[in-house]
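Residue numbering restarts at 1 for every chain, and letters A, B, ... go by the order of the sequence lines.
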Protein chains: 2
Amino acid sequence: MRSYAQCCALAKALDVVGERWTLLIVRELMLRGPSRYTDIRAGLPGIATNLLADRLRQLESAGIVYREEAPPPIATTLFGLTERGEQLRPVLDELLVWGLPLMAEPAPDDAFRAHWLAGPAAHFLSDSDPDGPPLEIEIRAGDEEPAVIDAAGGEVSVRIGSASDPDAVVSGRPQLVLGVLAGRLDLDDAVRRGLTVQGRRQALERLRASAPAAA
Amino acid sequence: MRSYAQCCALAKALDVVGERWTLLIVRELMLRGPSRYTDIRAGLPGIATNLLADRLRQLESAGIVYREEAPPPIATTLFGLTERGEQLRPVLDELLVWGLPLMAEPAPDDAFRAHWLAGPAAHFLSDSDPDGPPLEIEIRAGDEEPAVIDAAGGEVSVRIGSASDPDAVVSGRPQLVLGVLAGRLDLDDAVRRGLTVQGRRQALERLRASAPAAA
DNA sequence: CCGCATCCGGGGCGATACTG
DNA sequence: CAGTATCGCCCCGGATGCGG
């Protein structure tokens, strides 16, 4: 990116991470951990492949991303965040919180990945039964790659992957899943509109939307 | 800006404030309060005037900036941050903190404005004599527009303007001023290299750099 | 002066095709 | 799988003009 050429900490930060796609790449690496090029790309629908390669190079030379040639049996290149890259977490958190209200008005053709719920979930979901057994809810929405919501001891987190023994599996259009999780949509309404819930419905009731202006 | 078209809070935030110059415009409005077009521009060396006009319009329609036609004797347009715009403060703060280490290596032709010190000062300066009388130090560096460092009751802040009765006036090249404030440069060294200090030198000693990796 | 609008050249970006 | 190559477009940068 063309530098702002300003001796200002904010401008210097934007010189490094202010370009288009850059912070979203960091988001993917933060949610996935060390990842293959192709997996990063799958989490960034719309990015041009040359841009992704460019950005990864820039991030690497800025000390934010490291590149590792994994030996067999992985036998591929892995990209991960350095410590300096991890330090961007508060930045992404604040931006995400600020952007939460904007998710209330999604465009009909917006792409969706279930693991993108990780950030919002940490902010607007809480475990209404902290003393209950660990809870696993699998989410399938908008893409082939499912995610799992874990609730245990009052904490709620989201990770990529499938649940081995899920308490419930929720699948359907992103809007419906999002609406239910945000408390904007009644579960019965959502089911009536096409949401599918396998397993115990009560599992879902255990998650409570706590933030006021959630998505 | 072209939307990322992703149903993700972070992507939605970047859709609104991710374009080039946008967050720097917010920075200026945050540091200056409601300002005239020309003054904003003075704080953004390098921006093209049509871009500033474009961005202000976008920010206005995004509900981040309001525009007010001030009546005489001001008789001009004022731009200011709405509440939604003010809520970007934590974002700018985190980005600024992350960018602080990058200020250690400024390019020789980087522009500088004294009021850009406001953010860093709040993070790496502290008042070593909290019970002392209010302190005013005027800073002149890199531009015509001076700034004032206030210290009182242990708090340090920076504002645009001149001090009516400053305890000290520091002027010189940005590098020197920055070096002294960050504790990177000894005051005597800086003076030997061209820094000018009028008034009581002790006033400067009262400010202590507290952060480790400061600029 | 202040707050822009217009014009134009260059480069970042987007999409597709292709390759070791 | 992890990119490179190519091409068109539009955003951006810089200069100038212009009405209130």
Distance below 4.0 Å between A/Trp21 side-chain N/O and C/dG12 OP1 or OP2: no
What's B/Ala53 touching, base or sugar-phosphate or nothing? Going by heavy atoms closer than 4.0 Å. sugar-phosphate
What is the nucleic acid contact for B/Thr38, judged by heavy atoms within less than 4.0 Å: base, sugar-phosphate only, or nothing? sugar-phosphate
Within a radius of less than 6.0 Å around CZ of B/Arg193, do more than 12 heavy atoms belonging to other residues, nucleotides or ligands occur? no
Over all strands shown, is A/Thr49 touching base, sugar-phosphate only, or nothing at heavy-atom distances under 4.0 angstrom? base
salt_bridge(B/Asp150, B/Arg159) N-O dist < 4.0 Å: yes
Which comes earlier along DNA chain D counting from the 5' end, the contact point of A/Arg57 or that of B/Asn50, where each point is its nearest nucleotide? A/Arg57
Is there a side-chain contact between A/Arg2 and the phosphate of C/dC13, meaning an N or O under 4.0 Å from OP1 or OP2? no
When the distance from CG of B/Leu51 to P of C/dA5 is rounded to whole Å, what number comes out? 12 Å
Under the side-chain contact (heavy atoms from CB on, under 4.5 Å) rule, what do A/Arg20 and B/Glu19 come out as? Steps first, then yes or no, please. CA-CA 8 Å; A/Arg20 190 159 167 77; B/Glu19 272 179 318; over 6 Å; no
Within the 4.0 Å heavy-atom criterion, would you say B/Arg41 contacts the bases, only the backbone, or no part of the nucleic acid? nothing
Can you see whether B/Trp98 has A/Arg84 sitting over its ring - NZ or CZ less than 6.0 Å from the centre and within 45° of the normal? yes
